[in-house]
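Read the structure below first, then the notes.
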Amino acid sequence: MSNLFNTDILQGKVAFVTGGGTGITGGVARAFAEHGAKLAITSRKEENLAAMKAAVEGFGGECFTVAADVRDYEAVENAIAKTVEHYGKIDIVVNGAAGNFLCAADQLSSNGFGTVVDIDTKGTFNVCRASFEELKKSKGQILNISATLHYLATPMQIHVSAAKAGVDAITRNLSVEWGRHGIRVNGIAPGPIEDTEGMKRLLMPELKDKMTKKIPLGRFGRIADIENSALFLASDGASYINGVTLVVDGGQWLLGTSLM
Ligand code: COA
């Protein structure tokens, strides 16, 4: 973690984080707890959340875990209700649950395409929709974890590109519709971030050097880079930022995410 921000900037806030057990969103969840937020994290399998709960409680934070598949609206409603029962409110929602794999469009089944859209796009909508009444009460905010794959075109990623384009549309639409309730809705689009499941799944090790050469800042991102951006967007310092998806990629997408 970095210490760019005062440790108490999220003191008194309750953050509900999907996909908050591991990876980039796990880092964001832990950083929020390190900066004073009470955490609720959710994943399809509750056992995937145990390590994060232990880590957060290890430094004196609070971490409530609840199993839910973001594709299942009733399960999402239940997770939100249980979190409110536990903490009394929700101030921040982070949509980080995502699915990904590499597959050429002419090999991808309709169900494979739909599965990723269901997790990323419909899952994001489900969580936003189910938390609306709570966020209205708290004048809270939503942070959607997106990607840059769809800004140009990324081969083998048609499903995720379509899904994340939908997530960005949700960010913009809700920022307009829900801004009047005092709810801010923003996103973060990470570039290639090292030491994540995503990079292990999506980048063959022999291509790492080739990709690094296409990143203007000349390095992969670190989970801490995303944590710092999320802390800023979640803080009062960003209180007039609404409807933005902040790209945190070292300038990579401007040269294209494709290695072809
Ligand atoms: N290539 C092509 N198609 C694939 C695939 C792959 N690597 N992995 C899954 N699919 C297809 C399946 O074949 C299936 O389609 P079909 O019924 O036409 O055969 C469809 O996707 C659903 O697969 P299933 O395994 O039943 O879905 P699931 O809900 O259990 O899993 C995934 C969701 C597919 C996203 C899975 O990769 C997953 O759970 N990943 C873990 C989380 C993750 O990806 N994190 C991303 C970090 S960046």
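We count ligands from 1, going down the list as the structure has it; atoms in each ligand are counted the same way.
Atoms of ligand 1 found under 4.0 Å from any heavy atom of G198 (numbered from 1 in listed order, with element): 48 (S). Residue A98 approaches ligand 1 through these ligand atoms, each under 4.0 Å from one of its heavy atoms: 42 (C), 43 (C), 44 (O), 45 (N), 46 (C). Residue G112 has at least one heavy-atom neighbour below 4.0 Å for each of these atoms of ligand 1: 11 (C), 15 (O), 20 (C), 21 (O). Close approach to S109 involves these atoms of ligand 1, each under 4.0 Å from a residue heavy atom: 15 (O), 16 (P), 18 (O). Which parts of ligand 1 touch R71 is read off a 4.0 Å heavy-atom cut-off, strictly below it: atoms 29 (O).
Across D249, T154, T148, a single residue satisfies side chain to side chain donor-acceptor pair (under 3.5 Å) together with T257, and that is T154.
Taking the charged nitrogens against the carboxylate oxygens, K214 and D209 have no contact shorter than 4.0 Å, which rules out a salt bridge. Note on E34 versus R30: salt bridge recorded, some NZ/NE/NH1/NH2 to OD/OE distance being below 4.0 Å. Ion pairing between E197 and K200 fails under the 4.0 Å rule for side-chain N and carboxylate O. Using a cutoff of 4.0 Å between basic side-chain nitrogens and carboxylate oxygens, E227 and R222 are not scored as salt-bridged.
Put simply, atom 24 (P) of ligand 1 has no protein non-hydrogen atoms near it, under 4.0 Å away. Distances from atom 34 (C) of ligand 1 to the protein include at least one heavy-atom value under 4.0 Å. Of the protein's heavy atoms, at least one falls inside 4.0 Å of atom 21 (O) of ligand 1. Protein heavy atoms all stay at least 4.0 Å away from atom 13 (O) of ligand 1. Protein non-hydrogen atoms do reach within 4.0 Å of atom 7 (N) of ligand 1. For atom 42 (C) of ligand 1, a protein non-hydrogen atom is found at a distance below 4.0 Å.
Distances from ligand 1 to the non-hydrogen atoms of R44 include at least one value under 4.0 Å.
Of the protein's heavy atoms, F101 CE2, 3.7 Å lies nearest to atom 9 (C) of ligand 1. Scanning the protein for heavy atoms near atom 40 (N) of ligand 1, the closest one is R201 NH2, 3.1 Å. Scanning the protein heavy atoms around atom 17 (O) of ligand 1, the nearest turns out to be N111 ND2, 2.8 Å. For atom 44 (O) of ligand 1, the closest non-hydrogen atom on the protein side is N100 N, 2.9 Å.
In this structure, the ring of F113 has its center no less than 6.0 angstrom from the ring center of H159.
The cationic atom of K82 (NZ for Lys, CZ for Arg) does not lie both less than 6.0 Å from the six-membered ring centre of F64 and within 45° of the ring axis.
Counting only N and O atoms by type, the side chains of T124 and N144 include no donor and acceptor under 3.5 Å apart. Looking at N100 and Q157, their side chains do bring a donor and an acceptor atom within 3.5 Å of each other.
For atom 27 (O) of ligand 1, the nearest non-hydrogen atom from the set T25, T22, T115 belongs to T115.
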Please lay out, stage by stage, how H35 and K13 fare under the test side chain to side chain contact (heavy atoms under 4.5 Å, CB included).
CA-CA 10 Å; H35 288 76; K13 304 287 186 195; over 6 Å; no
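Within the 4.0 Å heavy-atom criterion, neither part of Q107 lies near ligand 1.
The cluster map of Ile, Leu, Val, Met, Phe, Trp and Tyr, joined by side-chain heavy atoms under 4.5 Å apart, puts L174 and L135 in the same cluster.
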